[in-house]
Amino acid sequence: MVYIEEIASRVGQEVTVRGWIYNKRSSGKLQFLMVRDGTGTLQVVVFQKNVSAPLFQAVDRLTQESSVVVTGRVRADERAPGGYEMDASDVQILQVAEPYPITPKDHGVPFLMEHRHLWLRSSRQRAILRIRHEIIKACRDFYDSRGFTLVDTPIFTPAACEGTTTLFETRYFDDTAYLTQSGQLYNEATAAAFGKSYCFGPTFRAEKSKTRRHLMEFWMVEPEVSYAELDDIMALAEEFISEIVQKVVVGRRTELATIERDVGRLENVRPPFPRLSYDEAIRLLQEKGLPIQWGDDFGGDEETQLSQQFDRPVMVHRYPSKLKAFYMQPDPQRPEVALCVDVLAPEGYGEIIGGGERIHGHDLLLNRIQEHKLPAEAFRWYLDLRKYGSVPHSGFGMGIERVVAWICGLEHVRETIAFPRMLYRIYP
RNA sequence: UCCUCAGUAGCUCAAUUGGCAGAGCAUCCGGCUGUUAACCGGAGGGUUGUAGGUUCGAGUCCUACCUGAGGAGCCA
């Protein structure tokens with residue numbers, strides 16, 4: 001029993017491969033089965049003279065995605081896709097598949113999304129999800145090797161973390177609970193316990209956003225570092241993104257080739273990243289002729305314009321406080337701006353990281369909670385963190401799906417996760 | 001919530017000025033001893049998203065609704 005990925009080392013041997021029929025071609029007394037097993041694709045040649053007549057008939061009736069166990073001798077052959085093929089001596093048929101909806105021809109997005117559970121079998125979707133896996137592994141390795149402790153935060157939460165955003169509401173026995181939109185507040189508690197911590201899990205936003213960058217359920221990795229200030233966290237973000245990209249470029253070259261990603265553009269992604277203050281960004285956009293004023297937030301056009309000025313991610317820091325969450329530390333030099341940073345991915349992929357320094361003074365934080373009309377009782381524990389050995393601390397969150405979309409060069413984040421939850425689509 | 005666009009065979013799409021509902025792929029049957037999204041011949045497959053309206057006649061024009069896609073706002 002072997003996997004197709006190791007077939008090159010089995011030339012001359014008789015082996016058995018288990019998989020599914022990806023495609024089939026025949027020429028009279030000769031049939032070519034393209035067998036896929038998840039690790040690769042292998043051309044299996046069935047000669048009429050090498051198998052029994054009933055078996056040859058049965059093989060002739062195999063449909064796309066039928067499950068088979070094939071046994072035969074492995075041979076190198078230039079005519080075979082991939083350079084190797086198997087001369088079948090036996091084909092065991094587990095199931096003849098019903099007519100498969102996804103044919104080797106073109107399909108539209110709505111149809112493919114309706115069959116997402118089957119679409120995952122295509123080589124393109126498998127390549128993307130393998131890259132996603134590599135990215136997630138790189139995130140874990142990055143923090144694990146730097147002394148961070150993974151401390152996951154709850155999915156059921158008692159109240160809004162940031163008030164402004166729409167939350168998914170759910171019953172929690174006799175109470176109301178909300179699905180988390182960020183682990184950050186809890187991370188601040190764990191960072192005070194561990195010094196450096198991170199969480200990695202799903203987050204939920206009930207916003208009626210219907211664009212190529214939005215999912216209702218997405219995964220976020222969020223590091224939090226005690227005693228870190230804005231510059232520290234910007235350096236961390238820069239190193240973090242660079243390492244992820246380089247690990248994919250080195251470790252997933254085959255998959256990047258499958259999806260025809262321009263790897264050259266990824267190889268540029270190394271420190272230092274350009275740093276731009278919000279003030280400088282506004283000036284740059286105004287020079288480009290965009291009608292934006294100091295105090296406005298960036299929309300899609302602005303983010304695209306900014307990111308297209310650079311060949312690597314750009315870090316925009318010190319936004320006006322009123323554009324940012326209540327917990328952002330004001331800049332002591334200019335209290336109207338916050339010590340925060342957004343990282344915009346190149347090629348128009350938009351914001352992939354948002355973060356900054358958190359307010360560590362108790363009274364200022366209490367004022368902000370009141371100004372934002374947040375339920376103070378729900379934040380009692382959060383204020384406690386400012387009573388018992390409060391220190392400056394910073395962190396950020398990175399949206400995995402947007403990073404996957406950027407690294408893979410995809411049109412839409414829906415292909416970056418196996419089963420995307422989108423506005424008006426929760427099937428399959 | 002708002003704006004734009006699109007719904008015709010299982011899928012991808014045609015159908016001229018409003019005048020017979022079509023093709024390729026998939027499926028089924030037949031042919032081919034090296035196929036490369038194989039090819040060749042044949043067959044089955046339709047409430048043209050739904051409901052109204054205009055007209056001698058509507059896939060085509062009008063109205064409403066449904067579904068989907070792209071975008072805005074908001075966000076990672």
Side-chain angles (χ1 to χ4, degrees), chain A residues 22-34 41 43-50 56 60-65 75 77-83 85 87 96-115 118-119 122-123 161-162 164-167 181-184 202-222 237 296-304 323-325 342-345 349-355 396-406 411-414 416-417 422-425 427:
Chain A
Y22 168 71
N23 198 0
K24 189 183 71 171
R25 296 180 279 268
S26 67
S27 181
K29 309 295 183 282
L30 191 59
Q31 295 186 62
F32 301 91
L33 310 179
M34 300 303 297
T41 308
Q43 175 160 285
V44 175
V45 186
V46 184
F47 278 96
Q48 191 177 36
K49 63 178 181 181
N50 289 352
F56 193 79
D60 191 43
R61 284 192 295 270
L62 286 176
T63 52
Q64 192 184 349
E65 290 302 315
R75 199 158 41 72
D77 193 314
E78 283 183 355
R79 294 168 296 185
E85 64 183 19
D87 281 322
V96 177
E98 292 180 26
Y100 193 62
I102 301 178
T103 67
K105 297 287 180 182
D106 290 337
H107 297 284
V109 167
F111 177 81
L112 290 168
M113 287 309 305
E114 193 70 15
H115 297 85
L118 302 176
W119 190 19
S122 76
S123 56
C161 289
E162 304 185 15
T164 55
T165 318
T166 318
L167 296 167
Q181 60 180 345
S182 166
Q184 186 223 307
T203 50
F204 308 87
R205 306 264 168 107
E207 289 166 352
K208 295 203 167 176
S209 298
K210 189 173 161 52
T211 78
R212 67 186 70 218
R213 302 187 306 280
H214 285 90
L215 295 172
M216 302 303 107
E217 177 182 310
F218 65 97
W219 286 67
M220 195 152 63
V221 54
E222 297 174 90
D296 293 344
D297 206 352
F298 302 137
D301 286 351
E302 287 82 11
E303 282 190 358
T304 303
L323 295 179
K324 291 293 172 180
D342 283 359
V343 181
L344 308 181
Y349 279 94
E351 186 181 348
I352 52 172
I353 277 181
F396 60 79
M398 187 181 82
I400 293 297
E401 285 75 16
R402 286 191 183 173
V403 171
V404 177
W406 161 49
E411 284 294 309
H412 199 295
V413 291
R414 67 184 151 224
T416 65
I417 186 166
M422 297 184 295
L423 191 61
Y424 308 132
R425 183 180 286 284
Y427 176 92

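These numbers were taken from a predicted model, which means no experiment stands behind them. Each chain gets a letter, A, B and so on, in the order the sequences are listed, and its residues count up from 1.
Backbone-only contact: A:Arg414 has heavy atoms under 4.0 Å from sugar-phosphate atoms and none from a base. No engagement by A:Ile400 is indicated, since no non-hydrogen atom pair under 4.0 Å with the nucleic acid exists.
Nearer the 5' end of RNA chain B, as judged by each residue's closest nucleotide, is the contact made by A:Asp77, out of A:Ser26 and A:Asp77. For A:Arg402 and A:Arg25, each mapped to the nucleotide of RNA chain B holding its nearest heavy atom, the one lying further toward the 5' end belongs to A:Arg25.
Here the side chain of A:Arg75 is nearest to one of B:G34, B:A69, B:U27, namely B:G34. Closest to the side chain of A:Ser209, out of B:U35, B:A76, B:G73, is B:G73. Across B:G71, B:G34, B:A69, the shortest atom-to-atom separation from the side chain of A:Glu85 is found for B:G34. Distances from the side chain of A:Asn23 to the nucleotides B:C75, B:A76, B:A37 place B:A37 closest. Comparing B:A72, B:U35, B:A76 by their closest approach to the side chain of A:Arg79 singles out B:U35. Comparing B:U33, B:U35, B:A72 by their closest approach to the side chain of A:Arg213 singles out B:A72. Comparing B:U33, B:G70, B:C74 by their nearest atom to the side chain of A:Arg212 picks out B:G70.
The shortest distance between the side-chain N/O atoms of A:His412 and the OP1/OP2 oxygens of B:G70 is below 4.0 Å. Contact check, A:Lys49 against B:U33: no side-chain N or O comes under 4.0 Å of OP1 or OP2. Between A:Lys208 and the phosphate of B:G73, there is no side-chain N or O to OP1/OP2 separation shorter than 4.0 Å.
Remark: ring of A:Phe32 not stacked against base of B:G34; the cut-offs of centroid gap under 5.5 Å and plane tilt under 30° are not jointly satisfied.
Of the P atoms belonging to B:C56 and B:U17, the separation is 22 Å, rounded to the nearest Å. For the P atoms, the distance from B:C29 to B:U60 is 38 Å, rounded to whole Å. Comparing the C1' positions of B:G59 and B:A72 gives an interatomic distance of 33 Å, to the nearest angstrom. Nucleotides B:A23 and B:U8 have their C1' atoms positioned 13 Å apart, rounded to a whole Å. Atom C1' of B:U12 sits at a distance of 29 Å from the matching atom of B:C3, rounded to the whole Å. Only the C1' atoms considered, B:C61 is 8 Å distant from B:G18, to the nearest whole Å.
Atom OH of A:Tyr22 has 12 or fewer neighbouring heavy atoms from other residues, nucleotides or ligands inside a 6.0 Å radius.
At a cut-off of 3.5 angstrom, the base of B:G70 holds no donor-acceptor pair with the side chain of A:Thr211. In this model, a side-chain donor or acceptor of A:Gln43 finds a partner on the base of B:U35 within 3.5 Å.
Residues A:Glu401 and A:Phe218 come closest through the heavy atom pair OE1-CB, 3.3 Å.
Note: A:Glu217 CD to A:Arg205 CZ = 12.5 Å, rounded to the nearest 0.5 Å. The NZ atom of A:Lys49 sits 10.0 Å away from atom CG of A:Leu30, with the distance rounded to the nearest 0.5 Å. The CD atom of A:Gln43 sits 10.0 Å away from the CG atom of A:Asp87 when rounded to the nearest 0.5 Å. Distance check: A:Lys24 NZ to A:Phe32 CZ gives 13.0 Å after rounding to the nearest 0.5 Å.
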For nucleotides 11-15 of chain B, list the nitrogen or oxygen atoms of the protein found under 3.5 Å from its nitrogen or oxygen atoms, one pair per line.
| residue | atom | partner | partner atom | Å |
| --- | --- | --- | --- | --- |
| B:C11 | O2' | A:Asp106 | O | 3.3 |
| B:C11 | O2' | A:His107 | ND1 | 2.4 |
| B:U12 | OP1 | A:Gly108 | N | 3.0 |
| B:U12 | O4' | A:Asp106 | O | 3.4 |

Subject >> Stepwise salt bridge (Lys or Arg N to Asp or Glu O under 4.0 Å) test for A:Arg212 and A:Glu411 >> reply: CA-CA 7 Å; A:Arg212 67 186 70 218; A:Glu411 284 294 309; 3.0 Å; yes
Original post:
So what is the 5' to 3' dot-bracket string for RNA chain B, if pairs are Watson-Crick or G-U wobble with both distances under 3.5 Å, crossing pairs use [ ] and | means the partner sits on another strand?
Top reply: (((((((..((((.....[..)))).(((((.......))))).....(((((..]....))))))))))))....
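Judged by distance alone, the side chains of A:Glu222 and A:Ser182 do bring a donor and an acceptor atom under 3.5 Å apart.
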